[in-house]
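Following: one structure in structure tokens, then a few remarks.
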Amino acid sequence: MASRFFPSSVRARTTLGATVVVAAALFLAGVLVVELLNQSLVGSAQLRAEISARTYASQLASGIAAPDLDLPDDDDEITQIIERSGTVLAAGDELEGYGALDIELPQPPKGPEQSPSSSGDDDDDGDDDDDDDEDAVRPSRGAGEVGSDVSFTPVTGPHGEYTVAAMAVTTPSNKELIVLSGASLQDQQKAVNDVTSAMFIALPALLGVVALVTWLVTGRALRPVSAIRAELAEITAGDLSRRVPVPRGRDEIHALATTTNTTLGALDNAVSQQRRFIADASHELRSPLAILRAQLEVAQAHPQLLDIDATLGDVVRLQTLATDLLLLARLDAGERPKAGLVNVPELVREEVARRAAGDEIGVDVRVDDEDITVSVVRGQLVRVLANLLDNAQRFAVEAIEVRVKAVDSEAIIEVSDDGSGVPVADRDRVFERFVRLDEARSRDEGGAGLGLAIVRDVVVAHGGTITLRQSRSGGASFAVRLPRVDP
């Protein structure tokens, strides 16, 4: 449902998102700018109104009568002199004939009241110095007093909105008056309206520029992605040698292309290995099947010539090969049964004892530590040990040694023989599938070349390693290292 309202491409979504974010930011910034401008202009109008009010209040405090004040007659300023009861004593031309403005009246002037006949200090505290200090601060105290409290009220006048400053004043005759002086807000409103209109006009154009730039920049940034996608679409299982183009910039897309090529290389190697595996397996299976077919055809024609023992041996070899291939396929697929705790010395002794009757060469078992436990699939570890012993039995001359020890957090199983050993150049190849170093030996004795490959894959699947070096007697020594666990 959401796809109907939101664009599906990354380019379009990025452009839309950037435009929305910029629009929200510009809107908030515009609101803030307009509000600050409005407050500044209103503050300026209030300052003008207060200055005018103080000017007229000072004149009243000095003894000038309200009707004698020179009040303004322009549209930008309005003035009234009223009593606290609301009686209008004087007004500017703009408020001629108007009643008293409806505003919040300020507090009366602070300080003692003075009558025309009073002099000196009338306070009960008898402190004349304090009055002298106040008179020094407010020199108008002797004639009248101007209040310090100023209130501002927005009102609607004859020519629009005004902000009115109200200030109380006491005349020399001890009469309290209220001076109302207003400054027009028309310029402020016009400036705010002009700025707001300019922002609403400029905002769509600016958002259009942002959207266009984002669209172009995103398209340029995603151009390598389109090239990578197109190349990947052309790559099939039959041609994994191709690679996607890598952009020159060292950015995330460069990393994506590099990782993709690395993955393609690994996939190419895996597929090539799988193809070789299938071809080698087919070759290995073809020979015993051909022999079995020939023996069965001969037996069909001449039953007396059927060699049961040879036929059974070929069937066993074929069964073993099929079992090895199935195990390798499961390991390649990542299949792994549930592991359990296995005591390594106990398992080694059991496997050696089970094979003792059929082995031509005895196996010497040395255990350095009886408390060595690993977490493995028991059957697979038995298969590892059996394959290593089969390999040692095939090449040993007089002795085979199995040693179990622990080094730090690793359990180590070493299987050594006194045979001819393995050349250094071939010590990695022996773990590859279908590799037989002695090509002259018979298939019946040499096997299919899968035993050590199975050993390596099983050990690696359990988080371990296997290494091959020369034994003390000059033969081969295989060392299997597995993570040790606390039972």
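Both backbone and side-chain heavy atoms feed into the values below; hydrogens, waters and symmetry mates do not. One-based numbering along the sequence shown.
Thr163 places none of its side-chain heavy atoms less than 4.5 Å from the side chain of Pro154. Looking only at side-chain heavy atoms (C-beta outward), Val246 and Thr258 come within less than 4.5 Å of each other. Between Val150 and Arg54, the closest side-chain pair of non-hydrogen atoms falls below 4.5 Å. Residues Leu101 and Tyr162 fail the side-chain proximity criterion, which asks for heavy atoms closer than 4.5 Å. The shortest distance between side-chain heavy atoms of Val374 and Leu381 falls below 4.5 Å. Between Ser52 and Arg48, the closest side-chain pair of non-hydrogen atoms is not below 4.5 Å. At least one side-chain heavy atom of Phe478 sits less than 4.5 Å from a side-chain heavy atom of Asn391. The shortest distance between side-chain heavy atoms of Glu398 and Ile361 does not fall below 4.5 Å.
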Exercise for review: Under the side chain to side chain contact (heavy atoms under 4.5 Å, CB included) rule, what do Val377 and His462 come out as? Steps first, then yes or no, please.
Suggested key: CA-CA 8 Å; Val377 179; His462 286 84; 3.7 Å; yes
Review point. Between Val480 and Val415, is a side chain to side chain contact (heavy atoms under 4.5 Å, CB included) present by the stated rule, with each step listed?
Key: CA-CA 9 Å; Val480 175; Val415 179; over 6 Å; no
Practice item. Check the pair Gln39, Glu35 against side chain to side chain donor-acceptor pair (under 3.5 Å), reporting the backbone distance first and the verdict last. Key: CA-CA 6 Å; Gln39 291 181 3; Glu35 181 63 24; 3.0 Å; yes
Practice item. Evaluate side chain to side chain donor-acceptor pair (under 3.5 Å) for Ser477 paired with Ser416, printing each intermediate quantity in order. Key: CA-CA 4 Å; Ser477 178; Ser416 306; 2.9 Å; yes
Point to revise | Check against side chain to side chain contact (heavy atoms under 4.5 Å, CB included), Asp457 and Arg433 | key: CA-CA 10 Å; Asp457 290 355; Arg433 299 174 183 182; 2.9 Å; yes
**Study point:** Verdict with reasoning, Asn261 to Leu264, per side chain to side chain contact (heavy atoms under 4.5 Å, CB included)
**Key:** CA-CA 5 Å; Asn261 285 336; Leu264 287 174; 4.1 Å; yes
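Glu297 has a carboxylate O that lies under 4.0 Å from a charged side-chain N of Arg293, or vice versa, which qualifies the two as a salt bridge. For the pair Arg366 and Glu414, the salt-bridge criterion is not met [side-chain N within less than 4.0 Å of a carboxylate O]. With respect to the salt-bridge test (charged N to carboxylate O, under 4.0 angstrom), the residues Asp390 and Arg355 qualify. Under the 4.0 Å criterion applied to side-chain N and carboxylate O atoms, Lys190 and Asp194 are assigned as salt-bridge partners.
A side-chain contact (heavy atoms from CB on, under 4.5 Å) with Glu351 is found for exactly one of Leu385, Val363, Val384, Val365, namely Leu385. Between Thr15 and the choices Leu216, Thr214, Val213, the side-chain contact (heavy atoms from CB on, under 4.5 Å) rule is met once, by Thr214.
For the atom pair CD1 (Ile400) and CG (Leu389), the distance works out to 6.5 Å, reported to the nearest 0.5 Å. Here the CD1 atom belonging to Ile235 is positioned 7.0 Å from the CZ atom belonging to Arg243, to the nearest 0.5 angstrom. Rounded to the nearest 0.5 Å, atoms CE (Met167) and CG (Leu180) are 11.0 Å apart.
In Glu350, the CD atom is crowded: over 12 heavy atoms of neighbouring residues, nucleotides or ligands sit closer than 6.0 Å. Counting heavy atoms of neighbouring residues, nucleotides and ligands inside a 6.0 Å radius, atom CZ of Arg242 exceeds 12 of them. Open room surrounds CG on Asp428; 12 or fewer heavy atoms of other groups in view lie less than 6.0 Å from it.
Looking at every heavy atom in both residues, Thr19 comes nearest to Leu207 through O-CD2, 3.8 Å. When all heavy atoms of Val459 and Ile466 are compared, the pair lying nearest together is CG1-N, 4.3 Å.
The salt bridge (Lys or Arg N to Asp or Glu O under 4.0 Å) check on Asp408 picks up nothing, with sequence neighbours excluded.
Checking Glu161 against Thr156 by side-chain atom types alone, a donor-acceptor pair falls below 3.5 Å.
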